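Here's the structure, in structure tokens; my notes come after.
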Amino acid sequence: MAKTKTSFFCQNCGTQSPKWVGKCANCAEWNTYVEEVIQKKQSHSKQAYSITSDKPHLISDIVAGNTLRFPLPDKELNRVLGGGLVQGSLVLFGGEPGIGKSTLLLQIALSASNLKVLYVSGEESQEQLRMRAERIGITNKNCYVLTETTIQNIFQQLEIIKPQLLIIDSIQTLYTSLIDSAPGSISQIRQCTADLMRYAKTTQVPVFIIGHITKDGSIAGPKVLEHMVDTVLQFEGDTYHIYRLLRTTKNRFGSTNELGIYEMTGTGLREVSNPSEVLITVREEPVSGVAIAAITEGVRPLMIETQALVSTAAYGTPQRSSTGYDLRRLSMLLAVLEKRCGFRLGSKDVFLNIAGGIKVEDPATDLAVVAAILSSGEEVPISPRYCFAGEIGLSGEIRPVNRIDQRISEAEKMGFEQIFISKYNKKEIPKNNIIKVQMVGKMEEFFSKLFG
Ligand code: TYD
Ligand code: MG
């Protein structure tokens, strides 16, 4: 077989070089050269899918049919995808190793009994997949598995099996014989993804690609994959906790604001349809240092529990530690409490934790964090029927947050009696609330209303 021509290209400026070089002679960047296929021989045309050539059309003449979506047997995933899986779409499913990517997608493959599914795994043997399937406990007569890593062989099998849904367990293990570099290298990943994209677009078969996330949080190193695919899903969570969040960071067929929540059980992943209920600990008596925040994850309102522990520093330097919440934000809130409200926290250890192993970024959590810190510092419990949604500014003012109506109705639905929000959110408050809405503008006002 004649060897395909490859060449090395600088990823920064595009300079071509026949050999790999460490430093680009043109832009002086280091480590930017990546091998790419520059010309494919005709003999490969069978393996590599080619796009049929097209003529330009007037955009007004094109009939926009409803994109063909088919719902998957998983409500959370359907919602995150924007209402079902679109035919011919390429979905990148990223996440840290061990988070449950293979489990979730195998579960989908097994429960989609109306579809012929091919699950290609380059990571596990057939026996391992079978064991996992037994653990999940669903059987599907239409689910095929293939343990193969060479993309040309995979395409051959695809032509025989003709699946309706293709799942690739890890793009990092795929290998195209057109390029010399090792599986997992950028050029391999890019070439394989491009081939899979062409396959998806020409056959209209939706393809899920699992991608491991590197230490810095991006999928397969530089963002080489994200721009090529239609949808990027991220599976996150803490492997020591049971909850997993599924987010979209890119979606050509829907919004990127959706969030799916799963619980890892002994028999696969379970959809969590009422997350607020599971994230809040039900306690017999109120305890100090706990406050409930009404946050939104994308467009989904969610009640989460913030826990704080304030104690006298045992050693000279007080410790500040935070799990699930930005540590710098915590330091800022402590500084505001100290400077604007006169609380002496300078000699105290402060520990903050968001229950359930969830990471929050919504600034509306601030008010609950402050309430939890003060409740712990003063040893006064907050009623478990109260919740909070407000951002705190540097001058100690309580700033408005978005989607306040959704937060209020979620709090009401969950049976909360009072919600503390910024008074600047007043206009957006829905009428006819059963829940009492407490509006506060300054920290002092907030404390006197909360602790009396
Ligand atoms: P896995 O899907 O292999 O992760 P990834 O493909 O993202 O690397 O899942 C790994 C973890 O999930 C593993 O530590 C075991 C756990 N697990 C369960 O808790 N319950 C189950 O039913 C299964 C199949 C796995
Ligand atoms: Mg896996």
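Atom set for the values below is all heavy atoms of this structure, side chains included, hydrogens, waters and symmetry mates excluded. For ligands, and for the atoms within them, numbers begin at 1 and follow the listed sequence. On a predicted model such as this, the values are computed, not experimentally measured, just so you know.
Considering only non-hydrogen protein atoms, atom 6 (O) of ligand 1 sits nearest to Ser102 OG, 2.5 Å. Shortest contact from atom 24 (C) of ligand 1 to any protein heavy atom: Thr103 CG2, 3.6 Å. When hydrogens are left out, the protein atom nearest atom 4 (O) of ligand 1 is Gly100 N, 3.1 Å; that is the closest non-hydrogen contact. Counting only heavy atoms of the protein, atom 22 (O) of ligand 1 lies nearest to Gly268 N, 2.5 Å. Closest to atom 11 (C) of ligand 1, if we only count protein heavy atoms, is Gly98 O, 3.6 Å.
In summary, the atoms of ligand 1 found under 4.0 Å from a heavy atom of Thr267, numbered by their order in the structure, are 22 (O). In the vicinity of Met264, heavy-atom distances shorter than 4.0 Å reach the ligand 1 atoms 12 (O), 16 (C), 17 (N), 18 (C), 19 (O), 20 (N). Those atoms of ligand 1 that come under 4.0 Å of a heavy atom in Thr265, given as number and element, are 18 (C), 19 (O), 20 (N), 21 (C), 22 (O). With ligand atoms numbered from 1 in the order given, ligand 1 contributes 8 (O) to contacts under 4.0 Å with heavy atoms of Pro97.
With a 4.0 Å heavy-atom cut-off, ligand 1 is reached by no atom of Leu104. Under 4.0 angstrom from ligand 1, the non-hydrogen atoms of Arg132 all belong to its side chain.
Within a 6.0 Å sphere centred on NZ of Lys75, heavy atoms belonging to other residues, nucleotides or ligands number 12 at most. Residue Glu361 places its CD atom among 12 or fewer non-hydrogen atoms of other residues, nucleotides or ligands, all under 6.0 Å distant. Arg252 CZ: more than 12 foreign heavy atoms inside a 6.0 Å radius.
Side-chain atoms of Glu412 come within 3.5 Å of backbone atoms of Ile435 as a donor-acceptor pair (strictly under, hydrogens ignored). Under the 3.5 Å distance criterion, the side-chain polar atoms of Asp169 are left unmatched by any main-chain donor or acceptor of Tyr119. In this structure, Thr176 contributes its side chain and Leu178 its backbone to a donor-acceptor pair below 3.5 Å.
In this pair, Phe235 and Phe93 present their aromatic rings tilted. The plane angle is within the 30 to 60° band.
The distance criterion of under 3.5 Å between nitrogen or oxygen atoms is met by Gly266 with respect to ligand 1. Checked by distance only, ligand 1 and Ile136 stay at 3.5 Å or farther apart across all their nitrogen or oxygen atoms. For His212, no nitrogen or oxygen atom sits less than 3.5 Å from a nitrogen or oxygen atom of ligand 1, counting backbone and side chain alike.
In this structure, Pro286 and Pro384 have side chains that are in contact, with non-hydrogen atoms separated by less than 4.5 Å. Looking only at side-chain heavy atoms (C-beta outward), Glu236 and Ile99 stay at 4.5 Å or farther from each other. Between Gln107 and Leu110, the closest side-chain pair of non-hydrogen atoms is not below 4.5 Å.
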Quick one: do Arg130 and Glu127 satisfy salt bridge (Lys or Arg N to Asp or Glu O under 4.0 Å)? Show the steps, please. CA-CA 5 Å; Arg130 171 75 204 177; Glu127 290 74 29; over 6 Å; no
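Because the distance cut-off is set at 2.8 Å, Ser102 qualifies as a neighbour of the Mg ion (ligand 2) through one of its N, O or S atoms.
Nearest-residue assignment for atom 25 (C) of ligand 1 (options Arg270, Glu96, Arg135, Glu123; heavy-atom criterion): Arg135.
Inside a 4.0 Å radius of atom 13 (C) of ligand 1 there is not any protein heavy atom.
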